[in-house]
**Q** 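Encoded as structure tokens, here's the structure I'll be asking about.
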Amino acid sequence: MNAVRPGLLSSVLYESSAHKVCEDLKERFDKVNGSRILYLHREVYTVTQGTMTVTDYFSKFRELWDEFDTLMPCPGCLCPESKKYAQHFEYQRLLQFLTGLNVSYSQSRSKIMMMYPLPSINKAYSLLVDQESQRNLAKHNTSCSGNAGVTCGERCNMITNMTPAGNQQYRGSRSSNSGVA
């Protein structure tokens, strides 16, 4: 009785067994909501990366797929036809994921689609996250090189050697004011 919401408690309070309570609640609430399934189906087919990172975009897909799978579980058995269906289902999900990626990932998308055998969704995600990391590193190096006459390494060195007071104190250099020996 502690697990039932107070508003529902009065409707099951006088049942003769826990089994009857469970059956009653299941009959009332364990329904597949067709409008929710339609919403999830539409979201899966229309979601795009936009301004999201690859990680956020993939997480959005996983949330939608997980909820869809809960409401509409894939039939499963050990027969060969069921395995083929599961493989087809995974292929469809890979295509959905790749389709919604930004144009900047078109080359990676093409490379993934040319792989044989096709990678799993998780492997494709991993490859795309690696590319995103490389892009971010390249952006960092480009922004560092834009400083007049200072190399990225020198700039990073200057930042890491700042004292709390904001005075630059270079390692290995001697300054009469710094007290470094």
**Q** Answer yes or no: is there an ion pair linking Lys20 with Glu23, defined by an N-O contact shorter than 4.0 Å?
**A** no

**Q** Nearest 0.5 Å, what's the OG-CG distance between Ser110 and Leu98?
**A**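 Between atom OG of Ser110 and atom CG of Leu98 there are 9.5 Å.
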
**Q** Check for a donor-acceptor pair, side chain of Asn33 on one end and backbone N or O of Ser35 on the other, with a separation under 3.5 Å.
**A** yes

**Q** In terms of the angle between their ring planes, are His88 and Tyr85 parallel, tilted or perpendicular, with boundaries placed at 30° and 60°?
**A** tilted

**Q** Could you tell me whether Asp69 and Arg62 make a salt bridge, using a distance below 4.0 angstrom between a side-chain N and a carboxylate O?
**A**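 No salt bridge links Asp69 with Arg62.
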
**Q** With Tyr45 as reference, evaluate Glu43, His41, Arg42 under the side chain to side chain contact (heavy atoms under 4.5 Å, CB included) test and give the passing residue.
**A** His41

**Q** Rounded to the nearest 0.5 Å, how far apart are CG of Leu94 and CZ of Arg109?
**A**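 Separation between the atoms: 11.0 Å.
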
**Q** What distance separates Glu90 CD from Ile121 CD1, expressed to the nearest 0.5 Å?
**A**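 So the gap between those two atoms works out to 4.5 Å.
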
**Q** Only one of Leu101, Thr53, Asn122 clears side chain to side chain contact (heavy atoms under 4.5 Å, CB included) with Phe58; which?
**A** Asn122

**Q** Tell me which one of Tyr39, Phe68, Trp65, Phe97 satisfies side chain to side chain contact (heavy atoms under 4.5 Å, CB included) with Val44.
**A** Trp65

**Q** Hey, what do you get for NZ (Lys60) to CD (Gln49), rounding to the nearest 0.5 Å?
**A**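 The distance works out to 14.0 Å.
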
**Q** Just how far is it from atom CD1 of Ile112 to atom CG of Leu118, taken to the nearest 0.5 Å?
**A** 9.5 Å

**Q** Same cluster for Met113 and Val54 if Ile/Leu/Val/Met/Phe/Trp/Tyr side chains link at under 4.5 Å?
**A**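 Yes, because Met113 and Val54 connect within a single hydrophobic cluster, where side-chain heavy atoms sit under 4.5 Å apart.
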
**Q** I'd like to know if the side chain of Thr70 reaches the main chain of Asp66, judged simply by a donor and an acceptor atom lying under 3.5 Å from each other, with no hydrogens or angles considered.
**A** yes

**Q** Can Leu127 be reached from Tyr91 by stepping across I, L, V, M, F, W or Y side chains whose heavy atoms are under 4.5 Å apart?
**A** yes

**Q** Report yes or no: does Ser82 contribute a side-chain atom to a donor-acceptor pair with the main-chain N or O of Cys79 at less than 3.5 Å?
**A** no

**Q** Between Tyr105 and Arg135, is there a cation-pi geometry (under 6.0 Å to ring centre, at most 45° from the normal)?
**A** yes

**Q** Can you tell me how far apart CG (Leu128) and OH (Tyr125) are? Round to the nearest 0.5 Å.
**A**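 So the CG of Leu128 and the OH of Tyr125 are separated by 9.5 Å.
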
